[in-house]
Amino acid sequence: MRLYEYEGKDIFRGQGIPIPKSRVLSRNENIDNLKDLFFPVMVKAQVLQGGRGKAGLIKSAANIEELKVHAAEIFPRIGETEVLLLEEQIMADSEAYLAITINDVEGIAYLVISKAGGMDIEQIANSESNNIVKLPIPAAEELSYHKVLEGVKKAGFTGKLLPKVSDLAYKLYQTFMKFELDLIEINPLLIIGDNVIAGDSKVTSDDYIIGRYQEFQTIFDRRDKVERDVNTIYVPMDGKIGIISYGASSTMMTVDTIKFLGGEPANFSDIAGGANSQNIYELSKTIFEKSMANPKVNVVLVTLTLVAHSMKASVEAIVKAAIEVKPNMPIVANVRAAGAAKKEMDTNAAAVYFKDNGITWCDTLEDAITTVIKISKE
Amino acid sequence: MTILIDKNTKVVVQGITGKYAQGQTKTMLDYGTSIVAGVTPGRGGEEIFGVPIYDTAFEARAAHPEINTGIIYVPPVKVKDAVIEAIDAGIKVGMIAAEGVPMHDTIKLRAYAKEKGTWLVGPNTIGLISPGECLLGSLASDYGTKGPVGIVTRGGTIAVELIRMLSENNIGQSTCIGSGGDKVVFRNQAEYLQLFDDDDETEVIILNGEIGGGKESECARIIPKLKKKVFAYILGRSAPKGKRMGHAGAIVGSDAESWESKCNVLREAGAIVVDTPWTLIDELKKLGLNKK
């Protein structure tokens, strides 16, 4: 789960990581009634995309009139959050970079320190004039403070900033470990004289353990329903062929192949953590409904790769959803089952069951794919 | 030879009394996998499908010293403890199917296993199969046929599909492994490529990868050093930017993690990059692998 800046800064505040003075402005709040505003103030849209400044999603307001103008201009452009973050405007001497990320190739985390921040980290990494220090965080031991201090010094920090940045980096490490995070990043880290403040916040938590930490559970509960549904996964794509499938990798195989052969998939789907009749039915229902609601979609492909979950239960769940939703478009199916999945219903029986319920059966996945592409182009 | 598992593999199943574990155990026994013991604390002395159950992995291995492999079927948050137990009891190969193992746990286990010389497969893996010899997990027992092609995937259902399609075209497999769908796994695909390269029974290697992360780029670094041909099939061609495609690891973070980048570096490294499993089959047929 990726946190918005204001959520990450809440976490920072709770962990003693310095952040600018701020308050959150809600979408429908009457600005004239607010007593605790301060100026000049940065008005910051809360979105996950980068490059907010360039997109005009961060503005400076010198007084209440300007604040009203900026809020009225920015809010309509934001669908994903209901707040703007208002922060004291800070004139920094320089901008640095601090982050802890997990390297998936090595399977360990790294503390990354750079005196030159503010730009895209890929540019920082590629720029040879910058000294980027990457400190490995050992998997089984605690990272000692002195290693952080030595790293921060190697990055070029001197004088009073050396212990200040080191303390902050160490707090970042403690926060990262405490909440078992995937990523924590401060870019830019604002340097004002001898002081350091987090100019921005990026925090990504481990989706598998959201319930473990109340702070993250609260944030998660605020997310809209589609994002909160961690079991049935639906990713919209811009196309004409609806896809009911689960097993992320075989679904990607199908969606990729459709694209490669000139078709346009309308969505990706998956079920995480174990399929059962209920979530297969719900996934199918969602996809049939969305396919119907989308004027571009004119055919739905049903494809399953089953090894453990019963083909009978899966097929019945999908057909149940089709009967309820009655999507007004052709449905084409090919499903494949092996081992225990075939016990109660084999492929021939599945074919008959689909056909009896008005669903077109193809004998191979390849046929099903070429069929839906053909229909989608009619 | 096959890699990691063969007819000499002797297995202990941790968490054997769980509902899912029982079903999987039955399937594996029917396949011919030698499951020698099970472990569930508090159920020692019982048996299931003729397999004796013990309270601890130590006891299981003490009673059956031939045990060299462990399958861990416990809930995700219990995996760390169970795996440490298995490693300390001396098992050399472990398979962890659970989806949902906390990333920080995986990081700790990965380091511990490597330190102790244990090869862990997973987490979030469908399993592994050396057709005709041994099956661990839920890779479809019906589909595998013995032959010269080694396969390593990230995801589970793609492994099933590849084995199915290869077998339908008379192209047999030495071993097929799902390395796991998570961002951090116990062993990356590159390590399996090396095992396949050193295996007498494997002639050609199929590498499956996905968008997200650097594991395929790591493969590109070792492929030039391998003796055997590598075919690369990378998923995620159609993935919208910034969207997670099911797997915890399948999200494009930077340009280097995109589908195009990965295909390019693998191609430059000498791998034959294929667009679909069907074109892969065509390529394998050109090598005459369907006649063996």
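Each chain gets a letter, A, B and so on, in the order its sequence line appears, and its residues count up from 1.
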Select one option (side chain, backbone, both, neither) describing which atoms of [X] are under 4.5 Å from chain B's heavy atoms.
X	result
Arg336(A)	both
Ile209(A)	side chain
Ala341(A)	neither
Phe179(A)	neither
Glu366(A)	both
Leu183(A)	neither

Exercise. Determine, stepwise, if the pair Val77(B) / Arg212(A) fulfils side chain to side chain contact (heavy atoms under 4.5 Å, CB included).
Key: CA-CA 11 Å; Val77(B) 296; Arg212(A) 202 174 258 189; 3.5 Å; yes
Select one option (side chain, backbone, both, neither) describing which atoms of [X] are under 4.5 Å from chain A's heavy atoms.
X	result
Val101(B)	backbone
Leu162(B)	neither
Tyr112(B)	neither
Ile234(B)	backbone
Pro76(B)	neither

Side chain [X], main chain [Y], donor-acceptor under 3.5 Å:
X	Y	result
Asp206(A)	Pro102(B)	no
Arg110(B)	Glu106(A)	yes
Ser250(A)	Thr157(B)	no

Self-check item: Heavy-atom pair of closest approach, residues Arg221(B) and Val105(A)
Solution: NH2-CG1, 4.3 Å
Practice problem: Could you pull out the closest heavy-atom pair between Ser238(B) and Asp256(A), with the gap in Å? | Solution: OG-OD1, 2.6 Å
Exercise. Going by the salt bridge (Lys or Arg N to Asp or Glu O under 4.0 Å) test, name the single residue among Asp182(A), Asp207(A), Asp104(A) that passes it with Lys183(B).
Key: Asp182(A)
With chain A as the partner, which of [options] has the greatest number of non-hydrogen pairs under 4.5 Å?
options	value
Lys108(B), Arg164(B), Glu218(B)	Arg164(B)
Asn188(B), Thr153(B), Val184(B), Leu235(B)	Leu235(B)
Thr106(B), Asp105(B), Thr276(B)	Thr276(B)

Self-check item: Contact winner vs chain B - Ala139(A), Pro265(A), Ala340(A), heavy-atom pairs under 4.5 Å
Solution: Ala139(A)
Practice problem: Apply ring-ring contact (aromatic ring centres under 6.0 Å, His included) to Tyr208(A) and His104(B), showing your working. | Solution: CA-CA 11 Å; Tyr208(A) 287 153; His104(B) 283 225; over 10 Å; no
Quiz item: When Val307(A) is tested against each of Leu139(B), Ile126(B), Thr27(B) for side chain to side chain contact (heavy atoms under 4.5 Å, CB included), which residue passes?
Solution: Ile126(B)
